[in-house]
Number of protein chains: 2
Amino acid sequence: MDTKTKLISAAEQLFDRHGFTATGMDKLTKAAGMSSRTLYKHAGSKTALITEVLKERHRRFQPHIEVGSVDALFDALEEWIRSESARGCLFLRAYGETGGDIPAITEAVLAHKARLYDKIQDIVAIETDGQAMPELAEQILILYEGATAAAIYRGPKAVVSAHKAASALLKQARS
Amino acid sequence: MDTKTKLISAAEQLFDRHGFTATGMDKLTKAAGMSSRTLYKHAGSKTALITEVLKERHRRFQPHIEVGSVDALFDALEEWIRSESARGCLFLRAYGETGGDIPAITEAVLAHKARLYDKIQDIVAIETDGQAMPELAEQILILYEGATAAAIYRGPKAVVSAHKAASALLKQARS
DNA sequence: AGCAATGTAAAACGATCATTTTACATCGTC
DNA sequence: GACGATGTAAAATGATCGTTTTACATTGCT
């Protein structure tokens, strides 16, 4: 694993576990096993590091939304939450901690969310034989977002409930 | 407005707008219009201040969940989001920023969420003539949570979509 | 052999962090 | 008219913040 990869993945872990602002550069250098000089040569600044972590997170998350059915979408979410993290959406947490005041971070967050909504629209179109149903897509997005949030305090079974609700809404929309 | 009230409401505003960790005590004293000595006499510590802000937030939010129907529940949420804040759930944000490591804060968050779920169970029972339907209640909780999160980037119309989804699930459960 | 790249360790930067302290003013109450 | 409560302003605490710098070691390429 090269230096940059090691840095990004250590940073992602610490940011997810302890928050962005509360994670200092000293803890980052220690966790990534490198000097602060090397860290700054690769990351440039803390803001840039956060942005890169979010972009890498999106890359890693992408396969979980690049699916062809609502069932697969929620199965993938359940797997992610069981194995990766049940601490809420890291993108929204970054947005909240920075108050939306740092353009690069805000852009990364909004791009991720736009991509998520677009993909859900595609999935809904597949499930309904090509019909565009933007409100149904938004409802499934909300169930997806809500499951991620509720899983923090209700565990992975929140995803199962959301999954069933999405299936019911879809079935109703088809009839 | 007495000193303590002024402090709590200034703190709530700053925490919501800029995050908990990023909000320093100097900005708190300036916004609340008091010396740091007075602030510490009333709050004790930053952790205690955050805890009190969350408890006060819960008190102020309570009327919005103490309702008798799913319609009223989502109408109240829509009103809250339009007038108060569309920055996501402040409780979950506090939990995320502290990593769940500060017991007093974690307790306040979990108590709020437990109260929310209990209330939704009551509402579902009213709507279904007394039947206990814990999974339907969880689904409505997820729509509620998801609307709060999605409203950050999709605006208040997310609450309208969630409202319709909740009504549909309820209608289906009744038949 | 020599040079550019990439790394380390460690100190220093000024700013800001949460918190405490020192010294003083303004009250309403007994 | 003294007193306790409640406030202010301002400085000091030691720690930690993000970032830069100085000085040196280890590589791989030409």
Side-chain angles (χ1 to χ4, degrees), chain A residues 1-55 93-106 108, chain B residues 1-55 93-106 108:
Chain A
M1 194 156 57
D2 72 337
T3 311
K4 184 116 182 210
T5 308
K6 205 161 54 174
L7 170 58
I8 301 279
S9 85
E12 183 180 351
Q13 223 185 122
L14 284 178
F15 289 152
D16 183 51
R17 176 62 183 82
H18 299 290
F20 296 89
T21 315
T23 299
M25 299 309 258
D26 58 330
K27 282 169 195 157
L28 255 344
T29 55
K30 206 155 286 182
M34 65 185 58
S35 65
S36 68
R37 195 175 208 273
T38 304
L39 186 151
Y40 273 91
K41 187 151 283 185
H42 284 90
S45 68
K46 193 183 182 183
T47 293
L49 177 59
I50 293 174
T51 308
E52 287 194 75
V53 164
L54 292 180
K55 286 180 177 169
R93 287 170 61 196
Y95 184 83
E97 280 205 37
T98 56
D101 292 327
I102 296 164
I105 294 176
T106 302
Chain B
M1 195 154 59
D2 71 338
T3 310
K4 184 116 183 212
T5 308
K6 206 160 56 174
L7 170 59
I8 301 280
S9 84
E12 185 181 348
Q13 224 185 119
L14 284 179
F15 288 153
D16 183 50
R17 175 64 183 80
H18 300 289
F20 295 89
T21 316
T23 300
M25 299 309 259
D26 58 330
K27 283 169 195 154
L28 253 346
T29 55
K30 206 155 284 182
M34 64 185 57
S35 65
S36 69
R37 195 175 209 273
T38 304
L39 187 151
Y40 272 91
K41 188 151 282 185
H42 283 91
S45 70
K46 193 184 183 182
T47 292
L49 178 58
I50 293 174
T51 308
E52 288 195 74
V53 163
L54 292 180
K55 286 181 178 170
R93 288 170 61 197
Y95 184 83
E97 281 205 36
T98 57
D101 292 327
I102 297 165
I105 293 176
T106 302

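Per chain, numbering begins at 1; letters A, B, ... match sequence-line order.
- Atom-to-atom, NZ of A/K4 to P of C/dG7 comes out at 11 Å; the value is rounded to the nearest Å.
- Annotation: side chain of B/T38 is not in contact with side chain of B/L7 (no heavy-atom distance under 4.5 Å).
- At a threshold of 4.0 angstrom between heavy atoms, the contacts of B/T23 are confined to the sugar-phosphate backbone, with no base atom among them.
- When rounded to the nearest whole Å, the span between NE2 of B/H18 and C1' of C/dC17 equals 17 Å.
- Taking every side-chain heavy atom of A/K27 into account, D/dC17 is the closest of D/dG18, C/dT8, D/dC17.
- Contact annotation: B/H42 reaches the phosphate of D/dG7 (side-chain N/O to OP1 or OP2, under 4.0 Å).
- Whole-Å rounding puts the B/L39 CG to C/dT21 C1' distance at 16 Å.
- Side-chain atoms of A/E97 come within 3.5 Å of backbone atoms of A/T21 as a donor-acceptor pair (strictly under, hydrogens ignored).
- With D/dT22, C/dC17, D/dC17 as the candidates, the nucleotide lying closest to the side chain of B/D26 is C/dC17.
- For B/K30 and C/dA18, the NZ to C1' distance is 16 Å, given to the nearest whole Å.
- If you check D/dT19, C/dT19, D/dT20 against the side chain of B/M25, the one that comes closest is C/dT19.
- We find that NZ of A/K41 is positioned 14 Å from C1' of D/dT19, with the value rounded to whole Å.
- Here the nucleotide nearest the side chain of B/R37, chosen from C/dT8, D/dG18, D/dT8, is D/dT8.
- Between D/dG18 and A/S36, no contact under 4.0 Å exists linking OP1 or OP2 to a side-chain N or O.
- Rounded to an integer number of Å, the gap from B/M34 CE to C/dA25 P is 22 Å.
- The shortest side-chain heavy-atom distance between A/Y95 and A/I105 does not fall under the 4.5 Å cut-off.
- With contacts defined as side-chain heavy-atom distances shorter than 4.5 Å, the pair A/H18/B/D101 qualifies.
- Here the side chain of A/Y40 is nearest to one of C/dT8, D/dT19, C/dT20, namely D/dT19.
- Of the possible donor and acceptor atoms, one in the side chain of B/K46 sits under 3.5 Å from a partner among the backbone N and O of B/F20.
- Within 4.0 Å of B/G44, counting heavy atoms only, lies no atom of the nucleic acid at all.
- For the pair A/F20 CZ and D/dC17 C1', the interatomic distance rounds to 18 Å; values are reported in whole Å.
- Within the structure, every side-chain polar atom (N or O) of A/T38 is placed at least 4.0 Å from both OP1 and OP2 of C/dG7.
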